[in-house]
Amino acid sequence: MRLKPEISPLLASVLIGTLTLTALTGLTGCADLSGRARQGAAGAPDTGPSDAAGTVDLGARITGFTDGINQNGHYRVPAASDRRAVADGVRLLVDGDRAAAERSLAGAGYALRTLADRQDGRRYAEIADATREGETTRGWGRVYLDLRGPARWSVQVPHPSADQRTEQLGIGLLRGAPGGVLILAGAHRNAADSTDGEAADVAHRADSVFAAVAAVLADRRLPAVQVHGFADASLPEHDVVVSPGKGDAGLPAARRLSAALGRENLRVCEVWRRYCGRLEGRTNVEGDHADAVGAPFLHVEHSRTVRMDDGLLAKAVRALTEVVRRWSAGRA
């Protein structure tokens with residue numbers, strides 16, 4: 001049974017609020033007469049003051065999406081052309097070419113919208129299936145891009161619902177530091193598929209939209225943190241497992257994260273010091289690609305106790321935010 005814990009005021013900026021959604025529009029007001037997007041600093045998409053945005057509670061919008069993901073949902077393995085169309089759309093938006101991004105996304109049945117977060121008015125691009133029907137039958141997920149400046153880092157949530165409340169870590173990070181890209185899987189890791197019951201486990205399958213988007217960002221050397229959850233019984237003496245994945249490019253950030261978690265009085269298992277069971281993220285496909293191109297990657301597992309307790313979850317978000325703020329400033 002999916003737990004629905006009460007939300008405390010401590011995480012009001014991160015967790016569910018009241019969702020009021022006004023009419024959404026595409027990204028507008030950011031193209032010149034040639035149709036090419038105007039660019040802000042360092043190639044960031046420039047939405048401009050005339051860009052009409054749907055005003056939402058971003059946390060509630062994302063949580064509403066992930067709350068609809070369950071083991072009985074559907075997942076269809078995307079064709080290579082669809083994976084490339086969505087990944088190219090993200091790449092083009094990161095590069096500042098909105099018009100080309102929209103064309104690429106439309107080729108896979110995806111749409112690009114601008115959202116203003118009611119919490120602070122900040123604007124985000126939402127890349128999502130263009131129709132509710134497509135979203136529920138394909139299960140390819142969403143991407144959220146902070147429009148405050150150039151993209152600097154990503155946070156990846158590969159197992160929403162299966163790893164309960166991991167999306168709240170992603171929401172907290174996206175709101176907490178500029179330059180973030182949030183990649184969300186769109187199906188339960190055990191969702192049914194006609195040919196392969198494990199096809200929806202995007203952390204271990206390279207043939208997913210999720211992996212394709214993560215790869216184009218890693219190719220630009222954007223560091224990434226991928227958040228997971230584990231059962232308390234799997235490692236009862238620890239609250240969080242921190243790993244740089246297969247490679248070592250993320251090891252300096254992993255050490256900083258471990259220290260930050262320690263300052264929050266969370267017990268950390270550091271995989272570069274000891275064996276942490278089957279929670280080390282050594283076979284993660286996004287981590288493999290990051291290692292191949294030399295991009296920093298962190299694989300971070302959180303116990304169920306941490307994820308289900310508002311106060312502990314807030315501590316984990318604060319520690320992670322310390323790391324990604326360095327990435328926002330262009331420091332690894």
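Between R205 and D201 no salt bridge is recorded (no basic side-chain N to carboxylate O distance below 4.0 Å). The pair D95-R220 meets the salt-bridge criterion, with a side-chain N (NZ, NE, NH1 or NH2) lying under 4.0 Å from an Asp/Glu carboxylate O. Under 4.0 Å is where a charged nitrogen must lie from a carboxylate oxygen, and between R263 and E322 at least one such pair does. Residues D129 and R113 are not paired through a salt bridge, judged by the lack of any N-O separation under 4.0 Å between the basic side chain and the carboxylate. With respect to R148 and D120, no salt bridge is recorded, no charged nitrogen being found less than 4.0 Å from a carboxylate O. A salt bridge between E167 and R61 is absent, with no side-chain N of the basic residue lying under 4.0 Å from a carboxylate O of the acidic one. Ion pair R122/D146 not flagged as a salt bridge, since none of the NZ, NE, NH1 or NH2 atoms sits closer than 4.0 Å to an Asp/Glu carboxylate oxygen.
Between atom CG of residue L261 and atom CD of residue E270 there is a gap of 9.5 Å, rounded to the nearest 0.5 Å. Between the NZ atom in K246 and the CG atom in D291 there is a gap of 6.0 Å [rounded to 0.5 Å]. If you take OG on S154 and CD1 on I183, they are separated by 4.5 Å, rounding to the nearest 0.5 Å. Here OG of S104 is found 10.5 Å from CG of D97. Values are rounded to the nearest 0.5 Å. Rounding to the nearest 0.5 angstrom, the gap separating the CG atom in L58 from the OH atom in Y144 is 6.5 Å. Here the straight-line distance linking atom CD of E280 with atom CZ of R274 works out to 9.0 Å at 0.5 Å rounding.
The minimum heavy-atom distance linking A185 with V202 is given by the pair CB-CG2, 3.9 Å. Residue P160 comes nearest to T166 through the heavy atom pair CA-OG1, 4.3 Å, listed as atom of the first residue, atom of the second, then distance. Residues A233 and P236 approach most closely at O-CD, 3.5 Å, considering heavy atoms. Heavy atoms only, all atoms of each residue included: V268 and S258 are closest at CG1-OG, 3.6 Å. Here the closest non-hydrogen pair linking A218 and A295 is O-CB, 3.8 Å. Of all non-hydrogen atoms in Q168 and L313, the two that sit nearest each other are CB-CD2, 3.8 Å.
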Walk me through whether L115 and R123 qualify under side chain to side chain contact (heavy atoms under 4.5 Å, CB included). CA-CA 6 Å; L115 305 176; R123 297 187 179 194; over 6 Å; no
- prompt: Stepwise, does the side chain to side chain contact (heavy atoms under 4.5 Å, CB included) test hold for D207 with R83?
  reply: CA-CA 8 Å; D207 58 349; R83 300 195 300 269; 3.7 Å; yes
**Message:** Assess the residue pair V242 and V271 against the criterion (side chain to side chain contact (heavy atoms under 4.5 Å, CB included)); give the C-alpha distance rounded to whole Å, side-chain angles, the decisive distance to 0.1 Å, and a yes or no.
**Reply:** CA-CA 6 Å; V242 178; V271 304; over 6 Å; no
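Counting heavy atoms from C-beta on, the side chains of L182 and I62 come closer than 4.5 Å. A heavy-atom distance below 4.5 Å is found between the side chains of T305 and L312. When side chains are defined from C-beta on, I127 does not count as touching R142, because their heavy atoms never get closer than 4.5 Å. No side-chain heavy atom of F297 sits under 4.5 Å from any side-chain heavy atom of H289. Side-chain contact between P178 and W153 is absent, with no heavy atoms from C-beta onward closer than 4.5 Å. Side chains of R76 and P78 form no contact here, defined as non-hydrogen atoms less than 4.5 Å apart. A heavy-atom distance below 4.5 Å is found between the side chains of H302 and L169. Taking 4.5 Å as the limit, every side-chain heavy atom of F210 sits out of range of all side-chain heavy atoms of W140.
The same ILVMFWY cluster, assembled from side-chain heavy atoms under 4.5 Å apart, contains both V317 and V157. By the criterion of side-chain heavy atoms lying less than 4.5 angstrom apart, applied directly or through intervening Ile, Leu, Val, Met, Phe, Trp or Tyr residues, L257 is grouped together with L266 in one hydrophobic cluster. The cluster map of Ile, Leu, Val, Met, Phe, Trp and Tyr, joined by side-chain heavy atoms under 4.5 Å apart, puts L145 and L222 in the same cluster. Put simply, V285 and V293 are part of two different groups of oily side chains (I, L, V, M, F, W, Y) that touch within less than 4.5 Å, one to the next. Both V94 and Y110 belong to a single network of hydrophobic side chains, linked directly or stepwise wherever heavy atoms of I, L, V, M, F, W or Y lie under 4.5 Å apart.
When each of R267, R307, R304 is tested with D239 by the rule salt bridge (Lys or Arg N to Asp or Glu O under 4.0 Å), just one qualifies, namely R267. Among the candidates I171, D309, D310, V227, the single residue satisfying the side-chain contact (heavy atoms from CB on, under 4.5 Å) test with R165 is D310.
There is a side-chain donor-acceptor pair under 3.5 Å between E286 and Q226.
A cation-pi arrangement is not found for R138 relative to Y75, the charged atom failing to lie both closer than 6.0 Å to the ring centre and inside a 45° cone about the ring normal.
Note: H228 and H159 have perpendicular aromatic rings, judged against thresholds of 30 and 60 degrees for the angle between ring planes.
No more than 12 heavy atoms of other residues, nucleotides or ligands shown are found within 6.0 angstrom of NE2 on H74. For R278, the CZ atom counts as loosely surrounded, since its 6.0 Å shell holds 12 or fewer non-hydrogen atoms of other residues, nucleotides or ligands. The number of heavy atoms from other shown groups lying within 6.0 Å of CZ (R273) does not exceed 12.
Within the 3.5 Å criterion, the main-chain N or O of L173 finds no donor-acceptor partner in the side chain of T321.
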